[in-house]
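See structure below.
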Amino acid sequence: MRLQRTYWCGNISGKNIGEKVVLAGWVQGRRDHGGLLFVDLRDRSGLVQLVFDQERHGSLFAAAEKLRSEYVLAVSGVVIGRSPETLNPKLATGEVEISVEDMDLLNTAKVPPFYIEDNIDTDENLRLRYRYLDLRRPEMQEMLKLRHRLLMATRKCLDERGFLEIDTPMLTRSTPEGARDYLVPSRVSPGFFYALPQSPQLFKQLLMVGGVERYFQITRCFRDEDLRADRQPEFTQIDMELSFCTRTEIIAEVEALMADLFQAILGQKLDTPLPALSHSEAMERYGSDKPDTRFGMELQDISEIAGECSFKVFSQAISGGGAVKGINVRGQGTFSRKELDDLTALVQSWGTGGLAWMIVTEDGFKTPIAKFFTAEQLDRLGKHMHAENGDLLLFVADKKENTQKILGQLRVHLARQLDLVPEGKHHLLWVLDFPLFVYDHEEKRYTSNHHPFTAPREEDIPMLQTEPLEVRSLAYDLIYNGVEIAGGSIRIHGGEMQETVFRLLGLTQEELDEKFGFLLEAFEYGAPPHGGIAFGLDRLLMLMSERKSIRDVIAFPKTAAGTCLLTGAPATVSPGQLKDLHIYTVNRKRS
RNA sequence: GGAGCCGUGGUGUAGUCUGGUUAACAUGCCGGCCUGUCAAGCCGGAGAUCGCGGGUUCGACUCCCGUCGGCUCCGCCA
């Protein structure tokens, strides 16, 4: 480069008038008036207008006429103030322009496959395939800056609070429980595999045994499961662990971090302590362990009335030990029969028998199941549902957990469809006291709700042997607008309790020794009481920046099928590479 | 593993339900004109075998089957 940059485009202002500057960047656009040519020059900081005047600039003008979008330039010139009628209030630098005196064409460019500007409506395939062009768009640059600020603010806050950032291995061992692992074959140990970490869970607990006391790490985690709008196979966690802390203290630490991040990213003060719900209350009221509390439509339990009525779907659900619950969709009594049929089909696809509906009118309830209820029962039902004229009541009858789950999903679905979710709100909420175990009907055994290192609530410990499903844990999830953004727990720190839990999970002594022996051994050497939490950083940023997909806050994300459209990963490898790794493949789909 | 939606010049869309002449519109691109634009303007031009394969038909962008790619959701994700 012949010309050395002295300023960034977006930083030029009226203060620089008369100054000679050197700028560099990409050609955003060009307006050719014949003898007068305007070029918008863009760099990371913004845009500034360059002017080429045929009379004043002579030979330079001919070169300027050859400029095209995304050509790369360095220019030197004088900052001049624009005359009043040519000011551009839409541009941060619209007060000035650069009268170019010298130009260095650093590179040409092909015509880009989409517009390098905000709010483009282009196939995401193209954006991902040409991500380096997508990233040039101002809103993507903004995202990268925001992500950087989030990382910096996290490090600053946790450093000030006495946490040490310590990195842990990426090549580690596969452990049972949890998500499917990404495996890495070992060349030097034929037939042996590393696993990429699903989280640094075991290492951070070992760091506590190692006397670190306060640890954090911003690290990549890998889970080989199917993707969603808020799930990528590799994602970034803010991982934390503390020794000698109660759950209350850990929650306070996390709230302090969140308050700092809200200030740094949103410029908002976060009111702490944050509200909290027990898991059972969240399930009862919202049918979800990650309730979106930005809108109402809470679940109402009508099991008592359902048990009395003669509608078999309801009464049999109750006599079979299940529950009947409903939601009141305010003012939506205008749903057509077809719309209701579609909703029914939807909940059926989610795994329940059907959907009962009632429309509240001046003349009572309009519903196909009216004849199964007495007038008194309907009256009570209406009161229970807080029914008013024009409301739509929807009911599900099933096993209690299923009733709640289906209605919870329906609640969120309808809120989105009916646009009931307020924009621009940032609702944070703790969900506490998750059950320690859930029963896996397929595998016919208990599995950990959080993970196997989660401690039970002290008062529930006696139930471990008698009613394990009733045992509540010292786990906590942080929910942000109905999305889980962090989850953690107080850990088990005694080898005996840890063994009890592993046994309940159905691990044999052999497996236990092989897979977790090192942890149990560590616990025998004076493990301090400890606990921690891990944030999904990508999700956090997605919510803070109000974007719809986690892909929009990751520089190089993968598609729903886990492929990278830019690099073509995953891809085949040479037979030689496979041979080195002692691997042969079968039934190869892609060639 | 399952369900739904989408795929038409470089880009965004129309046309597809109800098969029938040169596949339309906007923008971008190329060329010309033009000294105050900033979504510049005016004139002209090039550019799509309609994701791919097969079937039905005299005839397929359109109907049917399959397949590939993308998105969303369920399962899965301690």
Side-chain angles (χ1 to χ4, degrees), chain A residues 28-41 47-57 61 65 68-69 82-91 93-94 97 110-117 119-130 133 175-181 198-199 201-202 221-233 235 342 345-352 405-406 409 412-413 416 434 436-438 440 442 446-454 473 475 477 484 487-489 501 505 534 536 548-549 551 558-561 563 565 589-590:
Chain A
Q28 175 68 36
R30 172 182 72 113
R31 290 171 297 281
D32 186 349
H33 288 244
L36 187 67
L37 180 63
F38 300 101
V39 171
D40 290 332
L41 190 68
L47 285 184
V48 71
Q49 174 165 280
L50 311 180
V51 203
F52 296 87
D53 188 319
Q54 190 162 29
E55 285 173 11
R56 279 193 293 153
H57 296 102
F61 192 83
E65 278 193 308
R68 293 294 181 270
S69 289
R82 298 199 196 184
S83 61
E85 71 278 10
T86 61
L87 296 174
N88 184 356
K90 280 185 269 180
L91 206 59
T93 60
E97 60 194 8
K110 288 170 78 172
V111 176
F114 49 81
Y115 306 110
I116 310 298
E117 61 191 32
N119 301 314
I120 53 170
D121 184 19
T122 296
D123 192 25
E124 201 178 349
N125 283 352
L126 270 184
R127 292 180 48 206
L128 292 177
R129 170 137 182 251
Y130 300 96
L133 296 178
T175 53
E177 304 288 310
R180 199 174 292 114
D181 284 317
Q198 296 178 25
S199 79
Q201 184 61 36
L202 293 167
C221 300
F222 305 85
R223 294 180 189 175
D224 186 7
E225 298 291 348
D226 286 349
L227 285 73
R228 288 286 188 283
D230 63 354
R231 254 159 51 186
Q232 285 271 306
F235 61 98
D342 288 348
L346 187 69
V347 299
Q348 283 170 336
S349 79
W350 291 342
T352 192
K405 193 189 85 176
I406 301 284
Q409 280 174 210
V412 171
H413 173 84
R416 280 191 198 140
F434 283 68
L436 190 61
F437 302 112
V438 287
D440 186 323
E442 264 179 36
Y446 298 116
T447 60
S448 291
N449 201 340
H450 184 57
H451 60 50
F453 318 106
T454 301
S473 69
D477 276 3
E484 181 198 328
S489 62
V501 169
L505 292 173
K548 288 194 184 70
S549 163
R551 291 186 301 277
K558 295 191 171 54
T559 69
T563 63
L565 295 178
K589 258 194 193 167
R590 302 171 60 203

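Per chain, numbering begins at 1; letters A, B, ... match sequence-line order.
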Which nucleotide in the list B:rG36, B:rG31, B:rU72 gets nearest to the side chain of A:Arg551?
B:rU72

Take atom C1' in B:rG28 and the same atom in B:rG10, then report the distance between them in whole Å.
7 Å

So which nucleotide from B:rU37, B:rC73, B:rU35 ends up closest to the side chain of A:Glu97?
B:rU37

List, with names and distances, any nitrogen or oxygen atoms from the protein found under 3.5 Å away from nitrogen or oxygen atoms belonging to nucleotides 45-52 of chain B.
none

Tell me which nucleotide among B:rC74, B:rG70, B:rC38 gets nearest to the side chain of A:Asn88.
B:rC38

Kindly say whether, by distance alone, the side chain of A:Arg231 makes a donor-acceptor pair under 3.5 Å with the base of B:rC76?
yes

Taking any strand in view, what nucleotide pairs with B:rC25 in a Watson-Crick or G-U wobble way, both distances under 3.5 Å?
B:rG12

With distance as the sole criterion, do the side chain of A:Arg82 and the base of B:rU37 form a donor-acceptor contact below 3.5 Å?
yes

If each of A:Thr559 and A:Gln198 is mapped to the nucleotide of RNA chain B with the nearest heavy atom, which maps nearer the 5' terminus, i.e. the 5' end?
A:Thr559

Is the backbone of A:Asp226 close enough, under 3.5 Å, to the side chain of A:Arg231 for a donor and an acceptor to pair up by distance?
yes

What does the list of N/O pairs under 3.5 Å between the protein and nucleotides 6-10 of chain B look like, with a distance for each?
residue	atom	partner	partner atom	Å
B:rG10	O2'	A:Pro113	O	3.4
B:rG10	N2	A:Tyr115	OH	3.0

I'd like to know if A:Arg228 reaches the base of B:rG75 with its side chain such that a donor and an acceptor end up less than 3.5 angstrom apart.
yes

Set out, line by line, the N/O atom pairs under 3.5 Å between protein and nucleotides 40-42 of chain B.
residue	atom	partner	partner atom	Å
B:rA40	N6	A:Asp32	O	2.6

A:Arg129 CZ: over 12 foreign heavy atoms closer than 6.0 Å
no

Find the partner of B:rG69: check Watson-Crick (N1-N3 plus N6-O4 or O6-N4) and G-U wobble (N1-O2, O6-N3) distances, both under 3.5 Å, and reply none if neither fits.
B:rC6

Is any NZ, NE, NH1 or NH2 atom of the basic residue among A:Asp40 and A:Arg31 found under 4.0 Å from an Asp or Glu carboxylate oxygen of the other?
yes

Please determine, for B:rA60, whether a Watson-Crick or G-U wobble partner exists with both distances under 3.5 Å, and give it or none.
none

Under 3.5 Å donor-acceptor pair, A:Gln54 side-chain atoms to B:rU35 base atoms
no

Presence of donor-acceptor pair under 3.5 Å, side chain of A:Glu225 and base of B:rG75:
no

What nucleotide among B:rU37, B:rG1, B:rC73 has an atom nearest to a side-chain atom of A:Ala229?
B:rC73

